[in-house]
There are 2 protein chains.
Amino acid sequence: MNDDVMDLRARNKQSTREAISHAALRLAIEQGPHGLALVRVHDIATAAGVSPRTYNNYFSSRAEAICAFQADQAGRAGQALRSRPADEPLDQAVIAAMIELYTDPEPDRAGLRMIMSTPELEGEALKAFSMAEGPLAEAIAARTGTDPARDLFPAVTAAAIAGAIRVAGRHWLEPGTTGSFATVLRGALSCVVPAAPPQAPSPTR
Amino acid sequence: MNDDVMDLRARNKQSTREAISHAALRLAIEQGPHGLALVRVHDIATAAGVSPRTYNNYFSSRAEAICAFQADQAGRAGQALRSRPADEPLDQAVIAAMIELYTDPEPDRAGLRMIMSTPELEGEALKAFSMAEGPLAEAIAARTGTDPARDLFPAVTAAAIAGAIRVAGRHWLEPGTTGSFATVLRGALSCVVPAAPPQAPSPTR
DNA sequence: GCACTAGATGCGTGACACGCAAGTTGTGTA
DNA sequence: TACACAACTTGCGTGTCACGCATCTAGTGC
């Protein structure tokens with residue numbers, strides 16, 4: 001996709017981006033879901049070692065900065081699915097790919113709880129998860145030999161996968177839930193991902 | 001749910017809310033997806049016949065006001081599913097209920113395009129669609145006799161349904177798509193909603 | 001008819017996103 | 001190595017916004 005060897009510029013850019021989003025998430029966690037308003041842009045920028053103006057060059061809202069990690073991770077979903085062997089059934093490939101992507105390492109409970117149970121972050125969190133949908137749909141279409149422009153199956157399945165991951169996360173955060181995130185995720189995904197697309201493609205036009 | 005007879009206060013409140021959200025959506029459509037920033041709070045309030053301060057008593061952001069109709073509609077999804085006969089298979093009930101909810105009347109293309117293809121509105125639009133999930137999950141659990149606290153099936157399916165509706169909307173807006181929204185919606189939903197929950201409930205703990 | 005309460009409005013404040021222009025640091029070339 | 005160019009950072013100024021608070025208005029119930 002892109003060179004393993006990035007420019008110094010690109011690497012600096014990447015690392016300040018990570019510094020900002022990491023600082024934003026850390027400060028948000030410190031204040032908790034009810035004190036989000038207390039996390040000022042100035043604090044995030046200072047904690048990341050940049051000026052407030054630079055923070056705004058990278059993110060146009062606090063929510064975006066806080067959820068950047070989730071968004072980046074979701075953006076890798078398509079690639080994760082493509083890396084599975086082509087002869088694997090769709091459901092098994094999806095489950096294996098998503099478990100690898102989302103449990104290596106096991107998610108940080110505090111961070112996940114922050115972005116998933118803070119009303120002000122809800123929209124941005126949904127946006128982050130939905131970033132997986134486009135690439136996922138393409139990967140599904142490629143794997144199943146369906147034409148995404150004519151058949152809704154890839155896009156719908158991608159949306160269902162993103163939704164299942166979200167639901168799994170929410171459930172995993174509930175008090176009393178034992179078991180690894182991988183187990184929960186497998187259970188959620190197996191509810192909605194078929195082994196193969198339906199024979200009669202859904203008509204679209 | 002609530003009395004058919006609302007008091008005058010409640011009716012006024014409801015109509016003010018609708019006036020504001022309607023004005024917000026109308027002005028947004030006038031400016032188009034690329035001119036959203038030109039829609040000022042003051043304009044919305046004036047168009048709705050209230051003061052800017054009152055606008056803020058109802059909505060805490062322009063996006064929220066613009067997407068209020070979608071959010072309200074999504075909030076009725078659970079009720080729509082419950083109104084289907086109890087002996088109908090899950091998939092047929094869901095499809096019938098969602099088609100009734102979302103095609104009576106046929107959606108307004110301009111409005112739907114506005115909220116679904118404007119980046120600044122994306123988060124709020126996703127939030128609006130996701131408002132269907134909670135009630136839908138409860139209705140699904142009730143219909144299938146599953147315990148939502150122990151089985152992920154209802155919540156995952158609800159999320160998949162919301163996602164399918166979203167994808168159907170996006171597809172229906174694409175140029176070159178003929179056919180009613182009902183047709184597209186049926187095709188999308190039939191990709192992910194099973195006739196019955198899987199025999200072995202997904203383990204959750 | 002009257003006291004009470006929910007909602008509407010005006011004002012003031014703190015924060016934020018972003019355009020602009022200047023300064024700083026990395027890159028490719030002679 | 002030196003230099004010209006491009007990318008990135010920063011400070012400043014501006015317009016907008018969300019919201020707390022106090023006040024006024026209109027609907028409700030006795």
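In what follows, chains are A, B, ... by sequence order, proteins preceding strands, each numbered from 1. Quick caveat, the model's predicted, so the values are computed rather than measured.
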Please write out each protein N/O paired with an N/O of nucleotides 27-29 of chain C under 3.5 Å, distance rounded to 0.1 Å.
| unit_1 | atom_1 | unit_2 | atom_2 | d |
| --- | --- | --- | --- | --- |
| dT27(C) | OP1 | L8(A) | N | 2.8 |
| dT27(C) | OP1 | R9(A) | N | 3.4 |

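- Judged as a side-chain contact (heavy atoms from CB on, under 4.5 Å), and not counting sequence neighbours, the contacts of R82(A) are E138(A), A139(A), A142(A).
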Contacts under 3.5 angstrom, residues 23-39 of chain A side chains, donor-acceptor by atom type, not counting sequence neighbours:
| unit_1 | atom_1 | unit_2 | atom_2 | d |
| --- | --- | --- | --- | --- |
| R26(A) | NH1 | E30(A) | OE2 | 2.8 |

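- Here the closest non-hydrogen pair linking R143(A) and A86(A) is NH1-O, 3.8 Å.
- Nearest heavy atom pair, residue A149(A) against residue H171(B), reads O-CE1, 3.8 Å.
- In this structure, the side chains of E18(A) and F69(A) stay at 4.5 Å or more apart for every pair of heavy atoms.
- Shown for residues 15-28 of chain B: residues whose heavy atoms fall under 4.0 angstrom of DNA chain C, namely T16(B).
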Distance-only check: which donor-acceptor pairs under 3.5 Å involve side-chain atoms of residues 46-53 of chain B, not counting sequence neighbours?
| unit_1 | atom_1 | unit_2 | atom_2 | d |
| --- | --- | --- | --- | --- |
| T46(B) | OG1 | H42(B) | O | 2.8 |
| S51(B) | OG | R53(B) | N | 3.3 |
| S51(B) | OG | T54(B) | N | 3.1 |
| S51(B) | OG | T54(B) | OG1 | 3.1 |
| R53(B) | NH1 | N57(B) | OD1 | 2.8 |

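- For N12(A), the side-chain contact (heavy atoms from CB on, under 4.5 Å) partners two or more places apart in sequence, or in a different chain, are L8(A).
- The backbone N or O of D43(B) lies less than 3.5 Å from no partner atom in the side chain of Y55(B), so there is not a single donor-acceptor pair.
- Two residues are said to be in side-chain contact when any heavy atoms from C-beta on lie closer than 4.5 Å; L189(B) and D91(B) fail this criterion.
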Can you check each nucleotide of nucleotides 14-24 of chain C against protein heavy atoms at under 4.0 Å and return B for base, S for sugar-phosphate only, - for none, in 5' to 3' order?
-> -SSBBBB----
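- Here the side chains of L121(B) and Q70(B) are not in contact, with every heavy-atom distance at 4.5 Å or above.
- Every side-chain contact (heavy atoms from CB on, under 4.5 Å) that A77(B) has, sequence neighbours left out, goes to M98(B), L101(B), A132(B), L136(B).
- Close approach of DNA chain D to chain A, defined as any atom under 4.0 Å from a non-hydrogen atom of the protein, starts and stops at dA6(D) to dC12(D).
- Non-hydrogen atoms lying under 4.0 Å from DNA chain D are contributed by nothing in residues 117-128 of chain A.
- For F181(A), the ring pair (Phe, Tyr, Trp, His ring centres under 6.0 Å) test picks out W172(A), with sequence neighbours left out.
- Applying the side-chain hydrogen bond (donor to acceptor under 3.5 Å, both in side chains) test to every pair with at least one member in residues 110-120 of chain B, sequence neighbours left out, gives no pairs at all.
- Taking all atoms of both residues into account, the shortest heavy-atom contact from T183(A) to S180(A) is OG1-OG, 3.0 Å.
- S51(B) has a side-chain polar atom (N or O) that falls below the 4.0 Å cut-off from OP1 or OP2 of dT9(C).
- In terms of heavy atoms, A74(A) sits closest to F129(A) at CB-O, 4.2 Å.
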